[in-house]
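Some notes on the structure that comes next.
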Amino acid sequence: MKVYENNGRITIENVQGFNLKNTFENGQCFRWRECEDGSYSGIAFGKMLNIKKVLNKIEIYPTNLKEYNEIWKNYFDMETDYQEIIDDLKGKDKYLDQAFEMIDGLRILKQEPWETTISFIISANNNIPRIKKIIETISLQFGEKTDEEHYAFPTAVEISEGSIQELRECGAGFRDKYIYNAACKICDESINLNDLIEMDTNEAKKILLNFNGIGNKVAECVLLFSMNKYDVFPEDTWVKKIVKNLYEEESKEFSNVRDFFNYKFGQYSGYAQQVLFYWARLTNLGVK
DNA sequence: GTCCAGGATCGGA
DNA sequence: TCCGATCATGGA
């Protein structure tokens with residue numbers, strides 16, 4: 001992998017295992033959009049970024065080498081060898097193997113804990129297009145402008161300076177108070193969610209569960225998508241469908257779904273979950 | 001009109 | 001501990 005800077009643009013050569021569509025549209029993130037040329041634009045860390053793939057070369061702009069090393073290398077998880085993860089998981093399950101045939105190059109982004117927390121609070125009993133719309137509106141309403149047309153996701157302070165009513169007007173619905181309370185809790189108790197990255201899974205999870213509007217599933221999504229915890233297995237409506245339809249017999253002897261999948265997939269069960277989730281949605285449980 | 005969406009919370013059994 | 005109702009909103 002060779003990285004170089006040219007005219008406000010970073011080029012990374014010999015990138016293996018990075019499929020833009022499978023990475024940005026698998027339901028882990030909500031602020032990336034496909035452009036007409038097949039590249040993706042999104043906003044993270046208060047910056048608008050475009051990422052394009054040509055053969056096995058990745059180009060991102062506007063950025064520079066310093067910023068790449070400080071932010072994007074980690075955000076796109078460029079140091080992780082995904083082939084190693086896939087090799088570990090392959091052969092363990094026929095449905096996952098089937099999913100891998102369709103879904104290559106899916107990377108788990110290392111997103112910002114605060115934005116991820118609010119995003120998945122919003123995800124409760126909601127659908128992905130509307131989650132995206134609500135997050136965009138909240139950013140427009142409360143966030144700082146990053147360029148002519150883009151807005152950063154607001155900080156906890158920025159949201160706490162607003163009101164529940166304003167969040168309701170962003171389309172958040174009954175989750176308005178959860179978002180507002182989370183922002184206030186962060187400010188009042190001087191909590192830095194980035195600290196949870198260094199904790200072990202259960203310790204970090206306990207803290208997340210103290211927020212109103214965060215239950216088991218939302219907590220596990222936050223742990224997986226922003227805190228580098230890969231031993232969790234978020235159990236949403238699709239995962240429940242998967243278990244009910246594909247693993248009913250096999251999972252019977254386990255007391256809960258988590259134990260079953262941890263036993264089945266081991267240390268990378270979080271990655272397996274995300275591939276299965278995306279595959280199940282795309283194929284309607286492998287039917288088509 | 002009903003049903004569902006990357007669920008969580010609450011009250012009551 | 002477990003179960004059902006309820007929570008806004010929009011699209012199918």
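Not measured: the values here are computed from a predicted model. Every chain is numbered from 1, with letters handed out A, B, ... down the list of sequences.
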Applying a 4.0 Å non-hydrogen cut-off, can you work out what [X] is touching in the nucleic acid: base, sugar-phosphate, or nothing?
{"X": "A:Gly27", "value": "base"}
{"X": "A:Asn216", "value": "sugar-phosphate"}
{"X": "A:Gln274", "value": "base"}
{"X": "A:Phe277", "value": "base"}
{"X": "A:Ile214", "value": "sugar-phosphate"}
{"X": "A:Glu169", "value": "nothing"}

Atom-pair distance ([atom1] on [X]; [atom2] on [N]), nearest Å:
{"X": "A:Asn212", "N": "B:dC10", "atom1": "CG", "atom2": "C1'", "value": "11 Å"}
{"X": "A:Glu166", "N": "C:dA8", "atom1": "CD", "atom2": "P", "value": "18 Å"}
{"X": "A:Asn284", "N": "B:dC4", "atom1": "CG", "atom2": "C1'", "value": "14 Å"}
{"X": "A:Lys177", "N": "C:dC7", "atom1": "NZ", "atom2": "C1'", "value": "7 Å"}
{"X": "A:Ile164", "N": "C:dC7", "atom1": "CD1", "atom2": "P", "value": "17 Å"}
{"X": "A:Asp176", "N": "B:dA8", "atom1": "CG", "atom2": "P", "value": "17 Å"}
{"X": "A:Gln273", "N": "B:dG6", "atom1": "CD", "atom2": "P", "value": "13 Å"}
{"X": "A:Phe120", "N": "B:dG6", "atom1": "CZ", "atom2": "P", "value": "11 Å"}

Is there a path of hydrophobic side-chain contacts, each under 4.5 Å between heavy atoms of I/L/V/M/F/W/Y residues, joining A:Phe225 to A:Leu20? no

Give the cluster check for A:Leu246 versus A:Ile103: same hydrophobic cluster or not, with ILVMFWY residues linked at side-chain heavy-atom distances below 4.5 Å. yes

Between B:dG6 and C:dC2, how far apart are the two C1' atoms, rounded to whole Å? 23 Å

With rounding to the closest Å, how many angstrom separate the P atoms on C:dG10 and B:dA8? 22 Å

Ordered by number, residues from residues 222-235 of chain A within less than 4.0 Å of DNA chain C (heavy atoms) are none

Side-chain contact, heavy-atom cut-off 4.5 Å: A:Phe153 with A:Ile135? yes

Can you confirm whether more than 12 heavy atoms, excluding those of A:Lys206, are under 6.0 Å from its NZ atom? no

Would you say the side-chain atoms of A:Asn216 and A:Glu235 include a donor-acceptor pair closer than 3.5 Å? no

Among side-chain atoms of A:Asp259 and A:Asn262, is any donor-acceptor pair under 3.5 angstrom? no

DNA chain B nearest-nucleotide lookup for A:Lys241 and A:Gly213: closer to the 5′ end is A:Lys241

CA sep, side-chain torsions, deciding dist, call: A:Tyr40, A:Glu25, side chain to side chain donor-acceptor pair (under 3.5 Å): CA-CA 10 Å; A:Tyr40 278 79; A:Glu25 297 187 13; 2.5 Å; yes

Quick note, A:Tyr178 side chain, CB onward, closest among B:dT9, B:dG7, B:dG6 is B:dT9

Return the set of residues passing side chain to side chain donor-acceptor pair (under 3.5 Å) with [X] (not counting sequence neighbours), or none when no residue passes.
{"X": "A:Asn7", "result": "none"}
{"X": "A:Glu250", "result": "A:Lys264"}
{"X": "A:Ser41", "result": "A:Asn50"}

Does a side-chain N or O of A:Thr237 approach OP1 or OP2 of B:dC4 to a distance below 4.0 Å, or not? no

side-chain N/O A:Lys240 vs B:dA5 OP1/OP2, d < 4.0 Å: no

Please say which of A:Asp104, A:Ile108, A:Leu106 ends up in a side chain to side chain contact (heavy atoms under 4.5 Å, CB included) with A:Tyr82. A:Ile108

Ring-ring centroid check A:Phe265 A:Tyr271, cutoff 6.0 Å: no

Which pairs, protein N/O on one side and nucleotides 11-13 of chain B N/O on the other, fall under 3.5 Å?
none

Taking N or O atoms only and anything under 3.5 Å, show me the protein contacts with nucleotides 9-12 of chain C, one pair per line.
unit_1 : atom_1 : unit_2   : atom_2 : d
C:dT9  : O4'    : A:Arg130 : NH1    : 3.4
C:dT9  : O2     : A:Arg130 : NE     : 3.2
C:dT9  : O2     : A:Arg130 : NH2    : 3.1

Any chance you could lay out the side chain to side chain donor-acceptor pair (under 3.5 Å) test for A:Ser139 and A:Glu136, step after step, and finish with the verdict? CA-CA 5 Å; A:Ser139 299; A:Glu136 282 313 312; 5.3 Å; no

